[in-house]
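First up is the structure itself, then whatever we jot down about it.
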Amino acid sequence: MQYWLFKSEPDEYSIDSLKAEKNSIGRWDGIRNYQARNLIRDDIKVGDGVLFYHSSCKTVGIAGFASVVSEPYPDPLQFDPESKYFDIKATQDKPRWVSIDIKYESHAKSFLPLTTIKATPALDDMVLVKRSRLSIQPVSKDQWAFIVNATKTDLQR
DNA sequence: GCCAACGTTGGC
DNA sequence: GCCAACGTTGGC
């Protein structure tokens with residue numbers, strides 16, 4: 001089992017959006033970065049764990065947990081001229097971009113802000129800290145375990 | 001809204 | 001294949 005971090009802008013698609021989907025399963029689409037695509041296509045497997053990260057918003061950080069529930073398949077948006085993710089160079093025979101489905105697992109009982117991640121020595125090797133722009137990135141087993149532990153009690157109360 | 005850090009494009 | 005110009009991401 002492997003672990004990953006997926007970034008999403010909560011104004012577009014938040015962990016609550018995922019939870020609200022039918023069976024709490026949503027399609028992760030609109031990936032238009034080759035590195036991220038290659039991870040989805042080649043490395044990410046059914047059953048892998050996903051950290052759901054909220055980016056470009058008031059408080060950025062890890063909002064909850066999900067899991068991978070499908071094999072990769074062609075992203076339908078690349079064929080849709082109405083979509084902002086339409087790609088004129090993609091064809092049904094030779095699709096360029098892939099999606100996978102993920103399933104909501106849980107909210108972090110305490111939201112883990114990026115500022116805390118950066119201030120935590122156990123987490124400062126995260127790709128998030130080092131190469132912040134990658135929208136899908138690997139997370140180590142130790143990082144995952146640390147984050148599961150760090151978010152399981154609500155420190156706000 | 002600014003801007004740094006990338007990633008992509010396209011001329012040569 | 002280089003690299004300048006341009007576009008995008010994403011924190012602040």
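Nothing here was measured: the structure is a model prediction, and the numbers come from that model. Chain naming here is simple, since letters A, B, ... match the order of the sequence lines and numbering starts at 1 in each.
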Exercise for review: Give me the residues of residues 48-60 of chain A where at least one heavy atom lies under 4.0 Å from an atom of DNA chain C, by number, or none.
Suggested key: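 Residues of residues 48-60 of chain A under 4.0 Å from DNA chain C: Y53(A), S55(A), S56(A), V60(A).
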Check your understanding: NA contact type, K130(A), heavy-atom cut-off 4.0 Å: base, sugar-phosphate, or nothing?
Key ->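 If one applies the 4.0 Å heavy-atom cut-off, K130(A) turns out to touch nothing in the nucleic acid.
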Review point. With sugar-phosphate meaning primed atoms plus P, OP1 and OP2, does E9(A) contact a base, only sugar-phosphate, or nothing at under 4.0 Å between heavy atoms?
Key: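 The residue E9(A) makes no contact with any strand.
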Please report, rounded to the nearest Å, how far the [atom2] atom of [N] is from the [atom1] atom of [X].
X       : N       : atom1 : atom2 : result
R32(A)  : dT9(B)  : CZ    : P     : 13 Å
L134(A) : dC6(B)  : CG    : C1'   : 11 Å
I117(A) : dG10(C) : CD1   : C1'   : 14 Å
R133(A) : dA4(B)  : CZ    : P     : 14 Å
Q35(A)  : dT8(B)  : CD    : C1'   : 13 Å
M126(A) : dG11(C) : CE    : P     : 12 Å
E12(A)  : dG10(C) : CD    : P     : 12 Å
I88(A)  : dT8(B)  : CD1   : P     : 19 Å

Any idea which heavy atoms bring [X] and [Y] closest together, and the distance?
X       : Y       : result
T151(A) : I147(A) : OG1-O, 2.8 Å
M1(A)   : G47(A)  : CE-O, 3.5 Å
M126(A) : L51(A)  : CE-CD1, 4.5 Å

Review point. W97(A) pairs by ring-ring contact (aromatic ring centres under 6.0 Å, His included) with which of F79(A), Y34(A), Y85(A), F86(A)?
Key: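 Only one of F79(A), Y34(A), Y85(A), F86(A) forms a ring-ring contact (aromatic ring centres under 6.0 Å, His included) with W97(A), namely Y34(A).
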Review point. Could you state the interatomic distance from OG1 (T91(A)) to CD (Q78(A)), rounded to the nearest 0.5 Å?
Key: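 With rounding to 0.5 Å, OG1 (T91(A)) is 8.5 Å from CD (Q78(A)).
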Check your understanding: Who else is in the cluster with I100(A) when I, L, V, M, F, W and Y are joined by side-chain contacts under 4.5 Å?
Key ->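 Result for I100(A) is W4(A), F6(A), Y13(A), I15(A), L18(A), W28(A), I31(A), L39(A), I40(A), I44(A), V50(A), F52(A), V68(A), V98(A), I102(A), Y104(A), I136(A).
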**Study point:** Nearest to side-chain heavy atoms of S135(A), which nucleotide of dC6(B), dC12(C), dG10(C)
**Key:**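 Closest of the options to the side chain of S135(A): dG10(C).
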Practice item. Give a yes or no on whether a salt bridge exists between R32(A) and D75(A), defined as a side-chain N under 4.0 angstrom from a carboxylate O. Key: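 Yes.
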Exercise for review: Check whether any side-chain nitrogen or oxygen of K7(A) sits under 4.0 Å from OP1 or OP2 of dT9(C), and answer yes or no.
Suggested key: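 Result: no.
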Check your understanding: Do the side-chain N or O atoms of K84(A) get closer than 4.0 angstrom to the phosphate oxygens (OP1, OP2) of dT8(C)?
Key ->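 For dT8(C), OP1/OP2 do not have a side-chain N/O of K84(A) under 4.0 Å.
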